[in-house]
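Notes to accompany the following structure.
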There are 2 protein chains.
Amino acid sequence: MKPSPTLKKIAAQLNVSISTVSRALKDHPDISIETKRKINELAALIEYDPNPYAVNLRTHNNKEFAIVVPSLSNFFYHSFISSIEEEARKHGYSVFIYRSSNDPQIELEILKSCRLKRVSGVFISVTTETKDIAPFLKLDEYGIPVIFFDKVPACELCNKICVADEHAALLAASAILKKGVQNVLGIFGDPNMSITQVRYHTFHKVLNEGNQKIQLQSVNASSADEAEQIVLTALADFKGRYLAIFCMSDEILAGVMKAVQRKGLKFPQDIGIISISDGMIPKLFYPEITYAETSGFKLGKLALNRMMRCIAGSSFAQTIIDESHLVEGGSI
Amino acid sequence: MKPSPTLKKIAAQLNVSISTVSRALKDHPDISIETKRKINELAALIEYDPNPYAVNLRTHNNKEFAIVVPSLSNFFYHSFISSIEEEARKHGYSVFIYRSSNDPQIELEILKSCRLKRVSGVFISVTTETKDIAPFLKLDEYGIPVIFFDKVPACELCNKICVADEHAALLAASAILKKGVQNVLGIFGDPNMSITQVRYHTFHKVLNEGNQKIQLQSVNASSADEAEQIVLTALADFKGRYLAIFCMSDEILAGVMKAVQRKGLKFPQDIGIISISDGMIPKLFYPEITYAETSGFKLGKLALNRMMRCIAGSSFAQTIIDESHLVEGGSI
DNA sequence: ATTATTACCGCAAACGTTTGCGGTAATAAT
DNA sequence: ATTATTACCGCAAACGTTTGCGGTAATAAT
């Protein structure tokens with residue numbers, strides 16, 4: 001366990017003061033080029049790097065962003081995080097990721113840690129059980145901007161970056177209308193989640209506003225297995241009539257596909273399928289599933305942009321919503 | 001931007017010294033219960049939390065692990081990381097995740113940051129281009145244990161945690177033998193990766209040692225699309241004969257399934273499929289794909305256990321290899 | 001030859017902790 | 001009534017930086 005190089009050691013070796021070394025390494029104009037040269041040389045030789053704890057204790061600022069997510073296994077997060085990281089690096093920030101395991105207690109600990117470490121900013125997708133936004137406001141009090149994404153709390157004066165729930169649902173519904181399908185089964189997730197409500201509402205509104213007669217049935221499924229069962233019974237109900245199934249999420253799509261394969265149905269001939277997705281699952285099937293895309297990439301750039309403004313002093317709260325687009329796969 | 005509570009403020013308010021406050025909060029026996037009570041009360045009231053930078057500067061130890069991965073979109077990582085986190089929490093450690101984007105340069109920066117922050121330990125899956133292990137040895141010099149997992153460098157005296165490449169390939173090959181299939185197509189990934197070599201070697205060895213006459217053909221595919229093409233041409237070659245396809249990875253499985261669906265083949269009747277996987281992709285199909293599992297969960301526990309021993313002073317390098325098991329899905 | 005400017009550097013305090021050591025008042029032992 | 005013990009607390013240094021301020025020697029201006 002060898003000791004780390006410090007300013008003090010450089011100073012002693014070169015018979016100068018610690019302040020001089022510190023200033024030389026920061027290229028301060030007060031220091032002569034000759035001493036700067038000597039100091040930089042020695043520093044490079046012994047591989048000096050400033051102790052971040054000492055620096056932070058003194059200066060109270062670090063260049064780090066924290067991203068907090070409930071889980072890692074999510075393609076949307078993946079693209080969002082990649083995007084943020086790439087952009088943050090350009091601004092000289094590094095980012096690390098915390099995982100809350102969808103546990104509000106752990107989330108709280110993570111937030112506290114972010115606060116104590118005085119990170120420059122926090123991007124967070126909250127737990128499904130997160131109700132209390134006080135801890136987030138507290139971060140703000142300490143001058144740490146918080147930007148919510150994907151799973152956002154119901155809070156007016158927060159910065160939020162949302163996937164295009166509404167637009168995606170609209171695109172999917174429009175696609176169904178264009179196909180002239182008569183019977184539609186919509187499968188949605190947890191009815192308590194705002195994402196579900198928005199998608200449900202928009203989907204229904206668009207389908208009902210179209211001047212076609214559509215028999216629309218909607219149900220909620222809390223798991224892939226449940227979605228599978230729903231489809232199996234629906235297939236019996238709609239026997240003989242062409243049915244289009246709308247899947248609100250990848251998880252539901254997975255269950256639906258299980259049922260479709262189990263029954264040996266071909267799409268788009270026997271049945272129509274359309275989904276909202278980040279694009280991974282839909283591409284596993286043939287024909288590929290048609291979906292309204294919710295990619296995190298552009299959103300990440302927007303989020304970081306918003307963050308930089310917050311750091312620059314903007315206290316203006318804003319909700320940014322991405323646009324979606326339809327990816328035709330041939331499943332409807 | 002309100003100021004943080006500090007020991008000094010508590011001390012001033014209560015007319016005691018900073019040392020007394022510090023000791024009281026740590027339940028030091030030198031402090032009377034009465035003063036302890038007062039101090040703890042005030043600390044709770046103003047929500048005092050020690051400044052981690054000051055603490056670390058003084059004590060040189062934090063209770064944090066870093067996990068470094070090339071990418072987040074990987075189910076094996078997901079289970080491995082979950083497992084590590086869960087276990088680490090029990091030991092009072094928190095963990096954060098760094099993402100190298102498979103870029104050796106970024107990886108280097110992350111390692112440096114880990115070193116400067118004197119994290120308690122690093123779990124890392126290296127970049128595919130990482131050749132130089134010097135930076136890792138340097139961490140060791142500073143007393144920071146490094147445990148490699150999944151993508152590990154060729155280095156004898158390192159702690160490594162590996163998925164059960166050999167065992168998984170063996171299980172898959174044995175399953176094929178048991179089914180008595182005559183024609184086998186093995187599709188493997190990048191032939192330069194050690195993981196590919198091990199799986200290839202074992203798979204071939206087991207199939208050839210079985211005293212059955214098997215026509216085995218193996219190819220490498222660097223993408224899902226390539227795997228799909230391979231299957232399409234193979235189906236023409238093996239026309240009329242029952243074929244079993246072994247997929248070394250999820251990516252290859254995805255390509256294979258594309259071809260199988262495109263041709264409208266049913267498994268296990270028309271074709272047999274078996275894979276090595278963490279279990280997500282295989283469960284999307286019906287029947288589910290039979291696969292040899294490479295789960296990170298148990299491995300994570302083992303890795304953390306090894307880490308705790310390293311921290312306790314063990315300098316003994318060890319390679320831990322997980323066992324795999326076959327998950328029957330009905331695809332062969 | 002005195003004064004003002006410039007170039008260069010160091011002192012010392014501060015950030016917020018932890019901890020060895022010593023010190024006083026109260027109690028217990030001679 | 002003196003000495004030894006105990007209970008409780010504070011001083012001060014240290015961790016490794018940064019930075020305002022002042023200070024000296026050399027140069028430029030009077």
Side-chain angles (χ1 to χ4, degrees), chain A residues 1-40 42-43 46-64 112-113 115-119 142-143, chain B residues 1-40 42-43 46-64 112-113 115-119 142-143:
Chain A
M1 182 113 83
K2 72 178 184 190
S4 308
T6 64
L7 292 184
K8 195 194 282 187
K9 283 176 198 158
I10 300 181
Q13 194 125 15
L14 261 43
N15 272 320
V16 291
S17 77
I18 294 177
S19 351
T20 301
V21 179
S22 174
R23 290 196 174 98
L25 292 174
K26 311 189 115 52
D27 203 24
H28 192 286
D30 264 10
I31 310 299
S32 74
I33 37 170
E34 176 56 15
T35 36
K36 272 183 192 166
R37 192 189 54 71
K38 282 196 305 185
I39 290 172
N40 277 299
L42 183 55
I46 66 176
E47 295 188 291
Y48 169 78
D49 274 298
N51 179 325
Y53 294 105
V55 172
N56 200 288
L57 182 59
R58 188 51 230 255
T59 65
H60 289 297
N61 70 54
N62 60 12
K63 303 268 268 182
E64 291 180 326
K112 185 165 157 187
S113 167
R115 178 166 52 83
L116 296 176
K117 284 182 175 175
R118 284 160 186 73
V119 298
Y142 283 92
Chain B
M1 181 110 84
K2 74 180 184 189
S4 308
T6 63
L7 293 184
K8 195 193 280 186
K9 282 175 199 159
I10 300 182
Q13 195 125 14
L14 262 41
N15 270 321
V16 292
S17 77
I18 294 176
S19 350
T20 301
V21 179
S22 174
R23 290 196 173 97
L25 292 173
K26 310 189 115 54
D27 204 23
H28 192 284
D30 264 9
I31 310 299
S32 75
I33 38 170
E34 177 55 16
T35 37
K36 271 182 193 167
R37 192 191 52 72
K38 282 195 306 185
I39 289 172
N40 277 298
L42 183 56
I46 66 176
E47 297 188 287
Y48 169 79
D49 275 297
N51 178 324
Y53 295 105
V55 172
N56 200 287
L57 182 59
R58 187 52 230 257
T59 65
H60 287 298
N61 70 52
N62 61 12
K63 304 268 267 180
E64 291 180 325
K112 184 166 158 186
S113 168
R115 176 165 54 82
L116 295 177
K117 283 182 175 174
R118 283 158 187 76
V119 298
Y142 283 93

Going through the distances and angles, do V21(A) and L14(A) end up as a side-chain contact (heavy atoms from CB on, under 4.5 Å)? CA-CA 9 Å; V21(A) 179; L14(A) 261 43; over 6 Å; no
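- Residue pairs satisfying the salt bridge (charged side-chain N to carboxylate O under 4.0 Å, His left out) criterion with at least one member in residues 20-29 of chain A, sequence neighbours excluded, are listed as follows: D27(A)-K36(A).
- Considering only side-chain N and O atoms, Y48(B) lies under 4.0 angstrom from the phosphate OP1 or OP2 of dT17(C).
- Place T59(A) and I18(B) on DNA chain C by their nearest nucleotides, and T59(A) ends up nearer the 5' end.
- Contacts of S19(B) with the nucleic acid, taken as non-hydrogen atoms under 4.0 Å apart, include base atoms.
- H28(A) has its NE2 atom 15 Å from the C1' atom of dT17(D), to the nearest Å.
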With side-chain contact (heavy atoms from CB on, under 4.5 Å) as the test, would you mind laying out the steps for V16(A) and K38(A) before giving the verdict? CA-CA 11 Å; V16(A) 291; K38(A) 282 196 305 185; 5.5 Å; no
How does DNA chain D read in dot-bracket, base by base from 5' to 3', with Watson-Crick or G-U pairs under 3.5 Å and | used when the partner is on another strand? .|..||||||||||||||||||||||.||.
Could you go through the side-chain contact (heavy atoms from CB on, under 4.5 Å) check for L7(A) and Y48(A) one step at a time? CA-CA 8 Å; L7(A) 292 184; Y48(A) 169 78; 3.3 Å; yes
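- At least one side-chain heavy atom of N40(B) sits less than 4.5 Å from a side-chain heavy atom of L25(B).
- Following rounding to the nearest Å, H60(B) (NE2) and dT17(C) (C1') show an atom-to-atom distance of 12 Å.
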Base-contact (B) and sugar-phosphate-only (S) positions in nucleotides 4-9 of chain D, heavy-atom cut-off under 4.0 Å, - elsewhere: ----BB
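- Between L57(A) atom CG and dG16(C) atom C1' there is a gap of 5 Å when expressed in whole angstrom units.
- Side-chain N or O atoms of T59(A) include one that pairs as donor or acceptor with a backbone N or O of V55(A) at under 3.5 Å.
- One can place CG of N62(B) at 19 Å from P of dC15(D), the figure rounded to the nearest angstrom.
- With contacts defined as side-chain heavy-atom distances shorter than 4.5 Å, the pair T6(B)/N51(B) does not qualify.
- OP1 or OP2 of dC15(D) has at least one side-chain nitrogen or oxygen of K8(A) nearer than 4.0 Å.
- With rounding to whole Å, K9(A) atom NZ is found 9 Å from dT17(D) atom P.
- One finds a salt bridge joining K117(B) and E64(A) here, because a Lys/Arg side-chain nitrogen approaches an Asp/Glu carboxylate oxygen to under 4.0 Å.
- What separates NZ of K26(B) from C1' of dT17(C) is a distance of 8 Å, to the nearest Å.
- Straight-line distance from the CG atom of L25(A) to the C1' atom of dT19(D): 15 Å, rounded to whole Å.
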Apply side-chain contact (heavy atoms from CB on, under 4.5 Å) to residues I46(B) and I10(B) and explain how you reach the verdict. CA-CA 9 Å; I46(B) 66 176; I10(B) 300 182; 3.8 Å; yes
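- Among dG16(D), dG10(D), dT19(D), the nucleotide with an atom closest to any side-chain atom of N51(A) is dG16(D).
- As a whole-Å value, the separation of L7(B) CG from dA14(D) P is 20 Å.
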